[in-house]
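What follows is a short report on a single structure.
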Amino acid sequence: MGELGTGIQFLSGVGPKRAALLKTELGLDTLEDLIHFYPFRYIDRSSIQRIADVSPDLAYVQIKARVVNRNLISVKHLSVIVEDDSGRMELAFFKGVKWNFDKLEPGRVFLFFGKPTEFNGKINMVHPEIDVPQEGSMTQGTLTGVYPSTEKLKNAGITGKVMCRLQSAALSLCLPEIKETLPDYIIRDKGLVSLTYALKNIHFPSDSYALQKAQYRLKFEELFFLQLCLLKQKFVRSRSEQGIPMPKVGPDFHACYNALPYTLTGAQQRVIKEIRSDMMSGHQMNRLLQGDVGSGKTMVAVLTCLIATGNGYQTCIMAPTEVLAQQHYANISKYLQPTGVKCALLTGSTGTKDRRLVHQGLEDGSIGIIVGTHALLEDNVLFRNLGLAVIDEQHRFGVDQRSRLWAKGAGGAMPHVLIMTATPIPRTLAMTLYGDLDVSVIDEMPPGRKPVQTMLIGPDRKNAMYKFMKEEIARGRQVFVVYPMIFENEKMDISNVEQGYEEIMAAFPLNDGYKVAMVHGQQTNEVKNFNMKAFVEGRAHILVATTVIEVGVDVPNASVMVIESAQRFGLSQLHQLRGRVGRGAEKSYCILVRDYKTGKDALERLQLLCRTENGFEIAEEDMRMRGPGDLEGTQQSGLPIDLNIASLAKDGNILNEARVYAENVLNKDPLLETNDNSRLVLELRKAKYNVKDYSKIS
Ligand code: ADP
Ligand code: MG
């Protein structure tokens, strides 16, 4: 095994106790783990701040100062005053008190390195690192890595300095054993530095240029292997798994198409072509269709279904909620009028008699398109020949629910799958999450859609807002008022909405003829549907709701979307909510109400929303600001692998390069059988690249 597999505890200065901490806190076990644990930041330790210039806004500073005096405030608290030519500062120590007391003799000069903080209106540093300045040999121009750390590690004495020492020791043991992971031709082609060089310089950069080279090499490698792994699965699957060939288009497709009251947008046409070629190919289609709210996905879904029926296969369309299923059913039935295709609806509230008829129609094949909810997944729902499943808003469906659907495919074949989502996922993230799915994007809105005017107001403007809402209601419009889910505890969240409901009821009294409905997650389906319907059918003027209305509900008459405590929502979610208005002919408004305590970053995010309606721009920005881990619909654990150095938010360009390169490699050598690619095979075998097969899950 050699040095790489050696446990960290065998490094000098570690021992079993610290080793156990490094394991639990950072997941580091062996020297190999350690050398792949990189700094997340670098500081220029050669630069020294004047005490007068130090402010708590600065991340880390280094000062060179003389000890003025030492105060033992208690056995566990040492306060040290130091000074340079510009001023004085306090340093505080709560550990190693005796040791530091002895070391910091008045009159001596040290380098202190740490994070400035503000305490009692004064600036101090707690537990700075202490160095003795070495004139001449002062590490000129060198960058020092800062490693992720935790309170526990610091308490155990594993400071930044110690971590650097460990890395240095580990590297000198391990570097001779490091084997190149990328084939020589890729290194040459991309002008990469060697892995050995990269590892050395990621920890101890000789200069900023070397650091850049090292970072690029390691990021490229990481993203390249990720893409290679995903694409390889896709290649293998498209070879092995038979899809249902659907070569025809058929008369129903044309009948529907020709009867459309509008022409398809360029984007819709392009996407339909992409879908058609998938369905003709003889391979199973696995396609994610992304399009902003209102971009016309339903139409694309209908035409896709008609390709399947045109080839003699049935289709199911799954919606996440009953209301949505009903709405889809109503829309789709309209589109189908010029065709001979029979469409039906199956949800949890379909009565026994109707249910029996639907089951029958699905079994004998007389129903061509079935729209429904999870009810479609029940075991007694049998198809004569299911050839396509369209899934709306994919993230609401769980893994086994999907696999139950696959089992219903015609003759045991996997049906084609089209997943539609209005949550714009930034391309970089989509490529990773759905690296083995094909992605189509409708990036063009149908003509004539009115922009939604978005405003950001403080809570002090609520009365003006109520007045405005009343004007809109007087014009015959309807208003959404949405509250965030704030607490972990669902009950408390509901009380939040309920309070809002009370407030709205007080401002819009029944006596004045106002009708207000409320929906939230704790209501029974029956109550929820009833209230929702009251709003959809125009009987209620205002709908007070939690984010349950986020997905797809279509009320063209609603012209105002009020979002309370808007700073608590993610940008993409706000954008989704805003998409609920602006669907009719009237001018629409989105009013973001922030709380009094809204941070600067949050304000900036909300202002972005006021500036643009482009969902992809918003999603990219959201991801840039928050990092992909927080992005709605995707938890970090939802990522196929944890990235060690690359960032999906920041390294989009490298990701693109890596993907293109991985595609090229696989096009030339799909099974990675050539000698040139033997290093790739070795690397892919490692556990970290065991990416789940997302096509089976999505
Ligand atoms: P999505 O599901 O993507 O949110 P929909 O399919 O519900 O969007 O379409 C939104 C509205 O735009 C619908 O009223 C639909 O009839 C209309 N629409 C769809 N495609 C077009 C088009 N090419 N031209 C004009 N209107 C369109
Ligand atoms: Mg829709």
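All values derive from a computational prediction rather than experimental measurement. Heavy-atom basis, side chains included; hydrogens, waters and symmetry copies ignored. Whatever order the structure lists ligands and atoms in, that order sets their numbers, starting from 1. In what follows, residues are counted from 1 in the order of the sequence shown.
Within the structure, the closest approach of G291 to ligand 1 does not fall below 4.0 Å when heavy atoms are considered.
Close contacts of ligand 1 with D292, meaning ligand atoms under 4.0 Å from a residue heavy atom, involve 3 (O). Residue contact check: Q268 has heavy atoms under 4.0 Å from atoms 19 (C), 20 (N), 22 (C), 23 (N) of ligand 1. Contact atoms of ligand 1 toward T298: 2 (O), 5 (P), 6 (O), 7 (O) (distance under 4.0 Å to a heavy atom of the residue). Remark: ligand 1 atoms within the under-4.0 Å shell around heavy atoms of T265 are 23 (N). Those atoms of ligand 1 that come under 4.0 Å of a heavy atom in L264, given as number and element, are 23 (N). Those atoms of ligand 1 that come under 4.0 Å of a heavy atom in G296, given as number and element, are 1 (P), 3 (O), 5 (P), 6 (O), 8 (O), 9 (O), 19 (C). Annotation for ligand 1: atoms under 4.0 Å from non-hydrogen atoms of T263 are 22 (C), 23 (N), 24 (N). The atoms of ligand 1 that sit less than 4.0 Å from any heavy atom of Y335 are 15 (C), 16 (O).
In this structure, Y501 has its ring center no closer than 6.0 Å to that of Y483.
Looking only at distances, a side-chain donor or acceptor of Q478 sits under 3.5 Å from a matching main-chain atom of A540. Remark: the backbone N or O of G615 is paired with a side-chain donor or acceptor of D292 at under 3.5 angstrom. Using a distance-only test at 3.5 Å, with no hydrogens or angles considered, no donor-acceptor pair links the side chain of D354 to the main chain of T350.
Of the options E444, R580, K297, M445, the smallest heavy-atom separation from atom 3 (O) of ligand 1 is shown by K297.
Taking any N or O of P447, backbone or side chain, none lies under 3.5 Å from an N or O belonging to ligand 1.
No salt bridge links K533 with E322; every basic N to acidic carboxylate O contact stays at or beyond 4.0 Å. Using a cut-off of 4.0 Å between Lys/Arg side-chain N and Asp/Glu carboxylate O, D364 and R384 are scored as not salt-bridged. In summary, E564 and K462 engage in a salt bridge, as defined by a charged side-chain N under 4.0 Å from a carboxylate O.
For K470 and Y466, the positive end is not near the middle of the six-membered ring at less than 6.0 Å and at most 45° from its axis.
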